[in-house]
Protein chains: 2
Amino acid sequence: MNSKKNISELLLKNGIRPSVQRIAVLSYLHSHYTHPTVDVIYSDLSPEMPTLSRTTIYNTLKLFSESGIVKCITIDEHHQHFDGNINPHAHFICHNCGTIEDIFYDSTEKFNFPQNPNLHIERSEIFYYGLCKKCYNI
Amino acid sequence: MNSKKNISELLLKNGIRPSVQRIAVLSYLHSHYTHPTVDVIYSDLSPEMPTLSRTTIYNTLKLFSESGIVKCITIDEHHQHFDGNINPHAHFICHNCGTIEDIFYDSTEKFNFPQNPNLHIERSEIFYYGLCKKCYNI
DNA sequence: CTTTGTGCAAATTCTTTGCACCAAA
DNA sequence: TTTGGTGCAAAGAATTTGCACAAAG
């Protein structure tokens with residue numbers, strides 16, 4: 001289980017002081033693999049924490065993504081989405097309903113392109129676009 | 001060669017009226033495979049066309065990407081980049097100098113993921129991040 | 001003459017910054 | 001008591017919108 005205690009320990013292990021706000025944000029991401037934006041996180045958490053500010057969420061997510069415990073994914077130009085799942089995976093985006101689905105695949109991909117030698121590739125970001133099951137069947 | 005005349009005909013073929021501004025923007029993208037932003041295009045074109053406005057470039061690129069003759073790529077949350085090359089290819093982004101390089105690969109990729117059935121994938125967007133040759137050798 | 005395109009200025013929206021207050025070590 | 005965290009209000013920056021004028025068919 002991802003108890004507050006476990007989250008707290010995870011933060012400490014990454015050199016981050018576990019404040020109430022930070023625990024709340026990371027717990028949220030670990031229980032909502034929906035790739036939320038700052039605003040979604042804010043809207044969902046603020047009823048329970050009325051003094052929470054967007055600034056804190058921005059600060060927190062910046063800190064988290066710098067230490068690698070969450071991933072920031074840029075899908076469209078207007079919003080950053082955050083992902084508490086840091087295993088390598090691709091994302092599927094439904095262009096009708098906007099849902100973002102995780103796609104796990106044999107990560108035997110090789111970062112080697114004969115036509116582009118001498119690139120030092122460190123990571124990849126793969127997006128698939130189309131219609132999800134639900135939207136396709138409408 | 002991509003003369004103004006050819007550009008003009010390409011636009012007509014796609015049901016777009018070839019105005020001076022539209023021809024200029026598409027010519028620019030066809031001769032600069034550098035994935036420019038609106039602002040870069042604006043800065044480069046405005047000396048020759050002092051009355052050109054950013055709004056027109058936004059309008060034009062929106063029109064172009066809707067009809068598929070250019071591609072809009074969202075790499076970071078702050079800028080949209082535009083690509084006059086509409087052949088399928090991936091992009092490499094150097095996190096030091098920001099250069100965007102095209103990567104052509106055997107496009108035998110299959111849009112089929114056993115763990116995610118019933119997705120109707122139409123296109124993909126693949127980004128690789130790392131250091132380019134120049135920045136790696138510094 | 002009617003429709004479409006252009007471009008200025010203002011508005012919008014997501015994100016960042018400055019700064020004062022608060023909390024923890 | 002010193003360092004780090006929070007959160008408000010204001011600033012910033014990319015993009016969009018409203019609207020009037022210009023151009024094209």
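Lettering follows sequence order; numbering is per chain, from 1. All of these numbers come straight from a predicted model, not from anything done at the bench.
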Just so I know, are the side chains of [X] and [Y] near enough to count as touching, which here means a heavy-atom distance under 4.5 Å?
| X | Y | value |
| --- | --- | --- |
| A:H30 | A:L10 | yes |
| A:Q80 | A:V38 | no |
| A:N118 | B:Y136 | no |
| B:F64 | B:R22 | yes |

- Message: By nearest heavy atom, map B:T55 and A:S53 onto DNA chain D; which one lands nearer the 5' end?
- Response: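 Whichever sits nearer the 5' end wins; that is A:S53.
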- Task: Taking only the side-chain nitrogens and oxygens of B:R17, find out if one of them lies under 4.0 Å from OP1 or OP2 of C:dG5.
- Result: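 No, because none of the side-chain N or O atoms of B:R17 sits under 4.0 Å from OP1 or OP2 of C:dG5.
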- N/O (side chain, A:S19) to phosphate O (OP1/OP2, C:dA23) under 4.0 Å: no
Output the rounded distance in Å from [atom1] ([X]) to [atom2] ([N]).
| X | N | atom1 | atom2 | result |
| --- | --- | --- | --- | --- |
| B:I23 | D:dA24 | CD1 | C1' | 13 Å |
| B:Q21 | C:dG7 | CD | C1' | 9 Å |
| A:N59 | D:dG7 | CG | P | 10 Å |
| A:L52 | D:dC8 | CG | C1' | 13 Å |
| A:L61 | C:dT15 | CG | P | 10 Å |
| B:I16 | C:dT4 | CD1 | C1' | 13 Å |
| A:Y42 | D:dT6 | OH | C1' | 13 Å |
| B:L63 | D:dT16 | CG | P | 13 Å |

- Message: Treating A:S8 as the side-chain partner and A:K4 as the backbone partner, does any N or O pair qualify as donor plus acceptor under 3.5 Å?
- Response: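 Looks like no, no N/O pair under 3.5 Å.
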Donor-acceptor contacts, no H, no angles, side chain residues 90-99 of chain A, under 3.5 Å, sequence neighbours left out:
| from | atom 1 | to | atom 2 | distance (Å) |
| --- | --- | --- | --- | --- |
| A:H91 | NE2 | A:H35 | NE2 | 3.3 |
| A:H91 | NE2 | A:D83 | OD2 | 3.0 |
| A:H91 | NE2 | A:H89 | NE2 | 3.1 |
| A:H91 | NE2 | A:D102 | OD1 | 3.4 |
| A:H95 | ND1 | B:E122 | OE1 | 3.4 |

- Of the nucleotides C:dG5, C:dG7, D:dT6, which has the atom closest to the A:R22 side chain?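 The answer is D:dT6, which lies nearest to the side chain.
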- Query: Which pair of non-hydrogen atoms, one from A:L29 and one from A:F82, has the smallest distance, and what is that distance?
  - Reply: CD2-O, 3.8 Å
Got a list of protein N/O to nucleotides 11-15 of chain D N/O distances below 3.5 Å?
| from | atom 1 | to | atom 2 | distance (Å) |
| --- | --- | --- | --- | --- |
| D:dA14 | OP1 | B:H79 | NE2 | 3.4 |
| D:dA14 | O3' | B:H78 | O | 3.2 |
| D:dT15 | OP1 | B:Q80 | N | 3.0 |
| D:dT15 | OP1 | B:Q80 | OE1 | 3.3 |
| D:dT15 | OP2 | B:Y58 | OH | 2.8 |
| D:dT15 | O5' | B:Y58 | OH | 3.3 |

